[in-house]
Amino acid sequence: MSKIGLFFGSTTGKTEAIAEMIQEMLGEDVVTLHNMADVEDVSELDAYENLIVASPTWNIGDLQDDWEALYDDLDNLDFSGKTVAYFGTGDQIGYSENFMDAVGILEEKISEKGGKTIGCWSVEGYDFEESKALKNGKFVGLAIDDDNQSELTEERVSAWVSQIKSEFGV
Ligand SMILES: Cc1cc2nc3c(=O)[nH]c(=O)nc-3n(C[C@H](O)[C@H](O)[C@H](O)COP(=O)(O)O)c2cc1C
């Protein structure tokens, strides 16, 4: 069993590309990728104590479709004892009032069910109106905007990976 299960949804491939980048940085022996399109039952998340949960925001403030399909089933899981980091991709200019909402929606549900959130991320360098992913003035996970700030993607991912590495203790 690898140490971290990374569960992502991705409609046009951007979130998937970030998931692969993270796996490469942390090592294939450490991170196992699970595309939500192939996940039949959310109990697959239960196999890990350390999780990375990722979704782009679609349809103006919604979860990506494959997460949407299984979202209600998260109520059947107990996340206590689990450590969870989040990331998402979004468009802070086109969807300024809903930037990264999907990450906020997932974090709220999973932390309600006992998950311990790590990997919070500063809003510095972003320009948006509103986001459900904000808690105490920070994003509850890494925010990637490849639509408008692709030149910052790799350095953001790399800094966040160093951060969660020590928070996960891997
Ligand atoms: C129709 C449509 C709706 C979108 N809605 C949002 C949104 O509400 N909030 C946001 O931050 N980004 C939004 N986006 C931007 C996507 O989340 C962004 O392009 C993302 O990187 C796509 O990820 P994926 O390729 O992994 O599916 C939207 C894009 C489209 C085309």
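As the structure lists them, so they are numbered: ligands from 1, and atoms in each ligand from 1.
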Under 3.5 Å, N or O to N or O, is [X] touching ligand 1 that way?
| X | result |
| --- | --- |
| E16 | no |
| G61 | yes |
| G9 | no |
| W58 | yes |

Atom of [X], atom of [Y] and distance for their closest heavy-atom approach:
| X | Y | result |
| --- | --- | --- |
| I164 | A85 | CG2-CB, 4.0 Å |
| L51 | L45 | CD2-O, 3.7 Å |
| D29 | L26 | OD1-O, 4.5 Å |

From [X] atom [atom1] to [Y] atom [atom2], the distance as rounded to the nearest 0.5 Å:
| X | Y | atom1 | atom2 | result |
| --- | --- | --- | --- | --- |
| I52 | F8 | CD1 | CZ | 12.0 Å |
| N50 | K82 | CG | NZ | 9.0 Å |
| Y95 | W58 | OH | CH2 | 7.5 Å |

Of the protein's non-hydrogen atoms, which lies at the shortest distance from [atom], and what is that distance?
| atom | answer |
| --- | --- |
| atom 9 (N) of ligand 1 | N98 O, 3.0 Å |
| atom 28 (C) of ligand 1 | Y95 CE1, 3.3 Å |
| atom 12 (N) of ligand 1 | D91 N, 3.2 Å |
| atom 14 (N) of ligand 1 | T57 O, 3.3 Å |
| atom 21 (O) of ligand 1 | T89 OG1, 2.8 Å |
| atom 25 (O) of ligand 1 | T12 OG1, 2.4 Å |
| atom 27 (O) of ligand 1 | T11 N, 2.7 Å |

If we only count heavy atoms from C-beta on, is the L63 to L106 side-chain gap below 4.5 Å?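 Side chain of L63 against side chain of L106, heavy atoms only: contact under 4.5 Å found.
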Counting each atom of ligand 1 from 1 as listed, which ones have a heavy atom of [X] under 4.0 Å away?
| X | answer |
| --- | --- |
| F99 | 11 (O) |
| N59 | 3 (C), 4 (C), 5 (N) |
| T15 | 23 (O), 24 (P), 26 (O) |
| M100 | 11 (O) |
| G90 | 10 (C), 11 (O), 12 (N), 17 (O) |

When you measure from the centre of the six-membered ring of Y126, is the NZ or CZ of R156 under 6.0 Å away and within 45° of the axis?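 Yes.
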Is there a donor in the side chain of T153 and an acceptor in the side chain of D146, or the other way round, less than 3.5 Å apart?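 T153 vs D146: donor-acceptor pair found between side chains.
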Q92 and ligand 1 - part of the residue with a heavy-atom distance under 4.0 Å: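 Contact part for Q92 vs ligand 1: neither.
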Is the F128 ring parallel, tilted or perpendicular to the F99 ring (thresholds 30°, 60°)?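 The arrangement is tilted - the two ring planes meet at 30° to 60°.
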Is the closest basic N to carboxylate O distance between E108 and K132 below 4.0 Å?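 So E108 does not pair with K132 through a salt bridge.
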Among D147, I60, D62, which one has a heavy atom closest to atom 18 (C) of ligand 1?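 Closest candidate by heavy-atom distance is D147.
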